Amino acid sequence: MRRTRILTAVLALAAGLLAGTPPALAADSPAKVSLAADTYTWKNARIDGGGFVPGIVFNRKEKNLAYARTDIGGAYRWQQSTKTWTPLLDSVGWDDWGHTGVVSLASDSVDPNRVYAAVGTYTNSWDPKNGAVMRSSNRGASWQKTDLPFKLGGNMPGRGMGERLAVDPNRNSVLYLGAPSGKGLWRSTDSGVTWAQVANFPNVGNYQQDPGDTSGYASDNQGIVWVTFDESTGTSGNATKTVYVGVADLQNSVYRSTDAGATWTRLAGQPTGYLAHKGVLDAANGYLYLSYSDKGGPYDGGKGQVWRYATATGTWTNISPVAEADTYYGFSGLTVDRQKPGTVMATAYSSWWPDTQIFRSTDSGATWTRAWDYTSYPNRANRYTMDVSSSPWLTWGANPSPPEQAPKLGWMTESLEIDPFDSNRMMYGTGATLYGTENLTNWDSGGQFAIRPMVQGLEETAVNDLASPPSGAPLLSALGDIGGFRHTDLTKVPSMMFTSPNFTTTTSLDFAETNPNTVVRAGNLDSGPHIAFSTDNGANWFAGSDPSGVSGGGTVAAASDGSRFVWSPDGAGVQYTTGFGSSWSASSGIPAGAVVESDRVDAKTFYGFKSGKFYVSSDGGATFTASAATGLPAGDSVRFKALPGAKGDVWLAGGATDGAYGLWHSTDGGASWTKLSNVDQADAIGFGKAATGASYQTLYTSAKIGGVRGIFRSTDKGASWTRINDDAHQWGWTGAAITGDPRVYGRVYVSTNGRGVIYGDSSDTGGGTGPTDPTDPTPTGACAVTYKVTNQWSGGFQADVRLTNTGAGAWTGWALGWTFPNGQTVSQTWNAETAQSGATVTAKNVNWNANVAAGSSVSFGFTGTWSGTNGRPTAFKVGDQSCAVS
């Protein structure tokens with residue numbers, strides 16, 4: 001389910017958006033840079049899941065401490081009190097977008113506060129940067145990073161194998177990392193700060209999914225795929241002697257060291273012809289379990305086996321749940337019950353039809369039972385029940401014939417873990433969500449165990465387009481893999497994705513500005529139409545017809561009154577229609593592949609852009625004429641939109657660092673353009689409700705302004721800009737789409753490439769965002785503080801502080817002081833600079849959030865240490881002014 005998402009953003013980025021320095025280009029009108037401060041609250045428009053979860057890691061020392069990794073959407077930590085997931089890598093910025101792909105996670109069983117992530121999305125040229133190992137001493141609240149001399153592939157073939165990153169359970173300063181691309185095995189002896197290749201490791205791997213793939217994606221050597229320690233061969237403080245390593249080599253897949261990594265040998269007698277996806281050691285009974293597939297996954301795999309290796313005797317036993325001849329899938333997901341030695345489970349990860357299969361043994365693999373069995377074909381008897389009421393779209397709106405069922409038990413089930421402290425809790429990842437149960441042992445007693453999504457907070461969709469109509473649902477989304485949703489309530493999971501038809505990926509959507517009940521979307525589908533229409537604001541849909549040659553969704557635009565549509569699909573030239581696409585006619589004067597949009601006032605005016613040229617149609621898309629304007633971006637990494645309520649008012653964002661790159665504005669329908677001199681780079685543009693007293697709608701952009709990358713807002717037509725996100729909220733790449741809400745001032749919807757739809761609400765309920773008077777840098781007047789401990793663990797905690805200017809005058813700099821009651825110390829701070837003397841702390845503004853208007857707030861956060869008691873401060877001051885505390 002993820003292959004469709006691989007190239008959505010990457011090819012544009014690889015074309016040059018991320019390297020170099022923007023050229024100095026002349027602008028037609030003066031503008032000023034003003035990075036004023038504002039405080040935003042950021043959340044996800046809830047979808048819950050939506051992508052592949054290839055890894056789940058439980059800490060072996062501390063109960064309820066668990067992590068999940070995604071292939072493009074970062075890492076998450078389980079929050080037991082709410083049974084939700086907390087995102088941990090939202091601080092990854094634009095230039096490091098590839099570090100949102102997580103190829104492996106490791107939680108330290110000696111010091112549970114420590115967690116590590118091996119990050120990097122692609123090993124080929126699509127990702128311009130090398131991989132890195134990120135390390136945290138506060139459970140992912142903040143990170144330090146060591147860049148590696150090679151790339152890592154969180155979204156590459158073989159990403160479900162693992163874990164490639166492991167911490168020595170006896171000497172936790174020692175870590176191993178298995179690298180792809182022939183880079184071998186790596187080791188750190190200083191808790192992940194520095195890394196060196198294990199020079200004497202004998203096999204760097206040789207398995208390639210498709211050696212003939214010239215892109216380097218499927219032809220990459222999948223390398224070293226897992227590391228497992230035998231904790232029984234070490235003592236506290238001393239390196240574990242026996243280490244097992246899995247290698248992507250069909251003939252030589254498992255190696256072992258018995259001298260703490262000094263020497264390595266191929267494990268004698270091992271199976272051949274397969275890749276060992278996982279190697280899980282049950283030290284209590286001395287068995288190393290291995291799940292094998294003939295392919296690297298996560299999509300492929302036609303044969304498989306499960307084996308058990310007796311570490312004391314060297315005896316290999318084939319414990320496969322079914323005979324190899326009866327498999328049409330490989331095995332991958334693998335776990336043991338740490339509370340009940342001898343209990344082992346495995347998944348048939350590549351069993352796509354009729355369903356995945358999960359196997360369970362309570363006698364070390366001598367006998368097995370299945371999650372479901374045939375009674376009389378095609379009827380099934382399930383050992384489980386499934387309740388997806390919290391994520392009802394997981395049925396895909398399907399009503400399949402037996403033996404298929406809706407919802408499915410899953411697919412791409414490469415991650416499977418029994419809680420090491422609770423035999424009843426098990427979690428497993430699929431290509432679309434993370435499922436779990438809390439009464440697993442019912443399996444053994446003949447009852448049914450209950451499966452439900454355990455995914456709230458984990459948002460993993462790639463966003464291609466967003467729309468916020470002036471009436472009806474506040475948000476419509478175009479997503480990779482699962483199509484898209486109509487959100488009537490941002491805090492609730494919609495009941496179903498867009499259906500009739502179900503696009504695998506929706507590439508573009510639009511609504512009629514003066515008739516928002518009319519909506520159109522275009523997308524990809526292996527067999528079927530590539531365009532669909534709605535007359536009830538996206539609640540229900542019907543398919544249109546495809547012109548000859550259409551192979552993909554492309555972009556689509558609706559006339560302002562919904563009377564006609566212009567479509568630029570993949571595989572065919574630009575087309576237009578009146579009505580709802582029962583037939584199409586070719587547009588003239590515009591090249592194939594152009595991006596198309598509509599004027600939001602004149603129903604017969606449409607616009608297009610391709611390779612530096614802007615095109616205009618005034619006859620409903622029948623004919624287009626190229627604008628004489630020059631100086632626009634030469635490439636095709638461009639997004640533009642027309643302003644609602646003003647004919648011919650168009651904004652265009654895009655470009656590349658080797659040419660024109662920025663934000664342009666036209667008020668004459670694209671005949672001429674003004675480049676904003678205060679915008680260094682811009683990649684998406686959108687509009688929202690105007691500020692109180694403003695005569696122009698609010699602008700939102702994903703851009704680089706004043707040398708800073710971020711999400712920006714302007715209430716004065718681009719004359720000044722406010723950065724509304726912060727360094728803790730960056731979400732990697734945000735260039736696909738952005739839009740404000742026409743009904744709620746300050747609300748903005750931001751696309752991500754793997755973290756779902758982010759929306760932000762401002763603490764400023766309607767005022768402007770222009771610069772404040774900098775003549776008096778000393779804050780005066782009243783203030784209020786909210787201090788909240790958002791996470792706490794043994795010896796450490798995370799806190800968020802909100803400081804509000806409740807006085808009548810603006811601040812152009814601030815310093816907040818307090819005293820800790822129990823000797824706590826600040827470790828790391830974001831969105832402020834802190835100094836501490838004894839128990840007294842002073843937090844000062846950073847350059848971009850110095851300006852705080854009357855009635856506005858600024859927020860910052862920090863991590864700290866504590867012992868005994870972690871009481872909250874009771875008094876705060878800004879200068880000599882005491883603040884109200886809540």
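This is a predicted model, so every value here is computed, not measured.
Here CD of Glu414 is found 12.0 Å from CD1 of Ile56. Values are rounded to the nearest 0.5 Å. Atom NZ of residue Lys183 and atom NZ of residue Lys151 lie 10.5 Å apart, to the nearest 0.5 angstrom. Taking OG1 of Thr70 as the reference point, atom OH of Tyr76 lies at 6.0 Å (rounded to 0.5 Å). Going from atom CD of Glu62 over to atom CG of Asn113 covers 7.5 Å, rounded to the nearest 0.5 Å. Note that the OG1 atom of Thr272 and the OH atom of Tyr292 stand 9.5 Å from one another [nearest 0.5 Å]. To the nearest 0.5 angstrom, Met427 atom CE is 12.5 Å from Ile418 atom CD1.
In this structure the side chain of Ser109 never reaches within 4.5 angstrom of the side chain of Val167, judged on heavy atoms. Within the 4.5 Å cutoff, the side chain of Thr734 has heavy atoms near those of the Trp94 side chain. Put simply, the side chain of Val119 reaches to within 4.5 Å of the side chain of Val102, judged on heavy atoms. Using a 4.5 Å heavy-atom threshold, the side chains of Asn155 and Tyr122 count as touching. Two residues are said to be in side-chain contact when any heavy atoms from C-beta on lie closer than 4.5 Å; Lys278 and Tyr289 fail this criterion. Residues Ile758 and Thr752 meet the side-chain proximity criterion, which asks for heavy atoms closer than 4.5 Å. In this structure, Thr265 and Thr263 have side chains that are not in contact, with every pair of non-hydrogen atoms separated by 4.5 Å or more. At a threshold of 4.5 Å between non-hydrogen side-chain atoms, the residues Val245 and Ile224 count as touching.
Contact between Phe150 and Asn130 at its shortest, heavy atoms only, is O-CB, 3.4 Å. The nearest pair of heavy atoms linking Thr834 to Ala843 is CG2-CB, 3.9 Å. Ser104 and Glu163 make their closest contact through OG-OE1, 2.7 Å (heavy atoms, listed as atom of the first residue, atom of the second, distance). Minimum heavy-atom separation, Leu288 to Thr311: N-CG2, 4.2 Å. Taking every heavy atom of both residues into account, Gly154 and Asp71 meet most closely at O-CB, 2.9 Å. Taking both residues in full, the closest heavy atoms of Ala218 and Asp213 are given as N-OD2, 2.7 Å, listed atom of the first, atom of the second, then distance.
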| query | Can you check side-chain hydrogen bond (donor to acceptor under 3.5 Å, both in side chains) on Asn172 and Asp111, steps first, answer last? | reply | CA-CA 8 Å; Asn172 65 331; Asp111 179 359; 5.2 Å; no
| field | Working for side-chain hydrogen bond (donor to acceptor under 3.5 Å, both in side chains), residues Gln79 and Thr84 | value | CA-CA 5 Å; Gln79 192 74 23; Thr84 61; over 6 Å; no
| task | Before giving the answer on side-chain contact (heavy atoms from CB on, under 4.5 Å), spell out for Trp866 and Asn822 the whole-Å C-alpha distance, their side-chain angles and the decisive distance to 0.1 Å. | result | CA-CA 8 Å; Trp866 65 284; Asn822 307 116; over 6 Å; no
| Can you list the steps and then say if Leu89 with Met134 is a side-chain contact (heavy atoms from CB on, under 4.5 Å)? | CA-CA 10 Å; Leu89 293 180; Met134 302 183 72; 3.9 Å; yes
| Derivation and outcome, side-chain contact (heavy atoms from CB on, under 4.5 Å), residues Trp731 and Ile711 | CA-CA 11 Å; Trp731 314 292; Ile711 306 300; 4.2 Å; yes
| message | Leu275 vs Leu250, test: side-chain contact (heavy atoms from CB on, under 4.5 Å). Steps then yes/no. | response | CA-CA 5 Å; Leu275 303 174; Leu250 290 167; 3.7 Å; yes
| said: Working note: Asp95 + Lys704, criterion salt bridge (Lys or Arg N to Asp or Glu O under 4.0 Å); need CA distance, chi angles, decisive distance, verdict. | reply: CA-CA 11 Å; Asp95 289 343; Lys704 184 178 183 180; 6.0 Å; no
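With hydrogens and angles disregarded, a donor-acceptor distance shorter than 3.5 Å links the side chain of Thr347 to the backbone of Thr413. Gln836 places a side-chain N or O within donor-acceptor distance of the main-chain N or O of Gly838, the cut-off being under 3.5 Å. A donor-acceptor contact shorter than 3.5 Å is absent between the side chain of Arg77 and the backbone of Leu65. Of the possible polar contacts, one joining the Glu460 side chain to the Phe52 backbone as a donor-acceptor pair under 3.5 Å is found. Within the 3.5 Å criterion, the main-chain N or O of Val133 finds no donor-acceptor partner in the side chain of His99. Distance alone, capped at 3.5 Å, is enough to place a donor-acceptor pair between the Asn44 side chain and the Arg755 backbone. Put simply, the side chain of Trp143 gets close to the backbone of Leu88: a donor and an acceptor are under 3.5 Å apart. When atom types are taken as modelled, the side chain of Thr233 and the backbone of Thr242 share a donor-acceptor pair closer than 3.5 angstrom. The main-chain N or O of Asn138 is found under 3.5 Å from a side-chain atom of Ser136 such that the two form a donor-acceptor pair. Formation of a donor-acceptor pair under 3.5 Å by the Glu459 side chain with backbone atoms of Gly756 is not found in this model.
No option in Asn124, Asn221, Asp220 other than Asp220 meets the side chain to side chain donor-acceptor pair (under 3.5 Å) test with Ser181. Partner of Tyr255 under the ring pair (Phe, Tyr, Trp, His ring centres under 6.0 Å) criterion, out of Trp264, Phe201, Tyr244, Trp226: Phe201 alone. Between Val227 and the choices Val243, Asp168, Leu175, the side-chain contact (heavy atoms from CB on, under 4.5 Å) rule is met once, by Val243. Of the residues listed (Tyr349, Phe331, Trp307), the one engaging His277 in a ring pair (Phe, Tyr, Trp, His ring centres under 6.0 Å) is Tyr349, and it is the only one.
Side-chain atoms of Asn203 and Asn252 include no donor-acceptor pair closer than 3.5 Å. Judged by distance alone, the side chains of Gln824 and Asn870 do bring a donor and an acceptor atom under 3.5 Å apart. Judged purely by distance below 3.5 Å, without hydrogens or angles, the side chains of Thr863 and Ser827 never pair a donor atom with an acceptor atom. No hydrogens or angles considered: nothing links the side chains of Arg139 and Gln798 as a donor-acceptor pair under 3.5 Å.
Checked against a 6.0 Å centroid threshold, the rings of Phe58 and Trp78 do not count as neighbours.
Taking Val193 as the reference, Arg135, Asp190 meet the side chain to side chain contact (heavy atoms under 4.5 Å, CB included) condition, with sequence neighbours excluded. Residues passing the salt bridge (charged side-chain N to carboxylate O under 4.0 Å, His left out) test with Lys145 are Asp96, sequence neighbours excluded. Partners of Glu833 according to the salt bridge (charged side-chain N to carboxylate O under 4.0 Å, His left out) rule, which considers only residues two or more places apart in sequence or in another chain, do not exist here.
Using bins of under 30°, 30° to 60° and over 60° for the plane-to-plane angle, the ring pair Phe820/Phe797 lands in the perpendicular bin.
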